[in-house]
Amino acid sequence: MCIRDRYIDRADILWVVVVVLGILSVSSLLTALSTNLITLSFARILLSFSMPFVWPICAKITSMYSASSGYGYSTALYDIGSIIGLALTYLIMALNGSWRSSMAIASVLGFIYIPIVLAIRRRFIREKDVKRSIQERSYRHVSPSTEKLGGKVIKVGLVLFLAFFSALYTWGFIVNWLSTFLVNELKFDYSYIALYMVFIAIVASILEIRAGIYSDRVGGLRGKIIILYIGLIPSAALLLISALTNMPLTRILSITLSVVIYRVATPSFWSIVNEVIPVEFIGRFGTIYTLAGPLSGIVSSILNGYIVALTNSVKYGVVISSALLFLSILLYSMVNRLYRGCSAR
């Protein structure tokens, strides 16, 4: 992991994008074509190797190619791909009913995007400007206020990781159990679920980009924290309402608004890293930070699977997701206080 982290910090990040895209595409293709456990296992190993690169790449690209006043907007543009990809998966499955086709199409899209990344690098990226940007941002972080942080950066990073884990637990629940909730609790047909997810993707993407712009307008760590509050607090409350009410219309409206508003906070999940972590360490911290994703996904899958098996209902999992979102809000507030307190010393 350490070698991988240092590679992200030192390598040409767009070449890292190309390599990771290639591995992800091969993994998806092998999954679609798998006919035995060996092929499927190899595909999953490739996926597990490449996924930890995805979000450190986002943070690194944002810190290198975006002005500090545009961190939120740039991160939002990168991030909406996740909700669009999720909706596209549901839509393809609804159209042809084959998960293999969905994986194959995902693979083809990845391979198509590789030459686009290379063309962008060759046409628009000038190495001298990138190196100058890195030097300027490294100098900005090695300021008296940052030096005073000393070892306290580790404490800030730890709390930030726990906050991210708590927030991503809910996203893991949405990815893994939302369709189950809609089918079992609200009696949705799968074709309606696909249209539902497309609607959510469109609305959430628009709100997410607007949130990123607003975060940049406010500026600094304060802008990122405000967006987290705007997204996570209503989302946690709406999740709780959807679990506690028995009215179908109220439940579907609550869960829909909760998912959409949750996406408002997502630009700050990574743009906040650019505010508190020096650019030369983003790759190393980013890979550790990214572990919150698979860990929360594993915990969410196991815990909610056990709850569904025990109670034959997803609503108790919704309550837990809501509670962890409230915990995430408290932890992000703690990050804000710790960072500002350390900087003031």
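For the side-chain contact (heavy atoms from CB on, under 4.5 Å) test with Val26, the passing option among Leu46, Thr31, Leu21 is Leu46; the others fail.
Side-chain contact annotation: Asn36 with Thr39, donor-acceptor N/O pair under 3.5 Å present. Defined by atom type and a distance below 3.5 Å, a donor-acceptor pair is missing between the side-chain atoms of Tyr169 and Ser328. With hydrogens and angles left out, the side-chain atoms of Ser215 and Tyr73 include no donor and acceptor closer than 3.5 Å.
Atom OH of Tyr316 sits in a sparse spot, with 12 or fewer heavy atoms from other residues, nucleotides or ligands closer than 6.0 Å. Within a 6.0 Å radius of CZ in Phe42, no more than 12 heavy atoms belonging to other residues, nucleotides or ligands are found.
The shortest side-chain heavy-atom distance between Val259 and Tyr262 does not fall under the 4.5 Å cut-off. Between Leu238 and Leu253, the closest side-chain pair of non-hydrogen atoms is not below 4.5 Å. Taking the side chain as every heavy atom from C-beta outward, Arg222 and Ile226 approach each other to under 4.5 Å. Side-chain atoms of Leu327 and Leu162, non-hydrogen and from C-beta on, never get closer than 4.5 Å to each other. The shortest distance between side-chain heavy atoms of Ser268 and Ile225 does not fall below 4.5 Å. Using a 4.5 Å cut-off on side-chain heavy atoms (C-beta onward), Lys315 and Ser242 make no contact. Residues Val319 and Leu239 have side chains not in contact (no heavy-atom distance under 4.5 Å, counting atoms from C-beta outward). Using a 4.5 Å heavy-atom cutoff, the side chains of Leu29 and Met103 are not in contact.
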Exercise for the section: Go through the steps for Ser258 and Ser235 under the test side-chain hydrogen bond (donor to acceptor under 3.5 Å, both in side chains), then give the verdict. Expected result: CA-CA 4 Å; Ser258 177; Ser235 181; 3.0 Å; yes
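No side-chain donor-acceptor contact under 3.5 Å links Thr245 to the backbone of Ile241.
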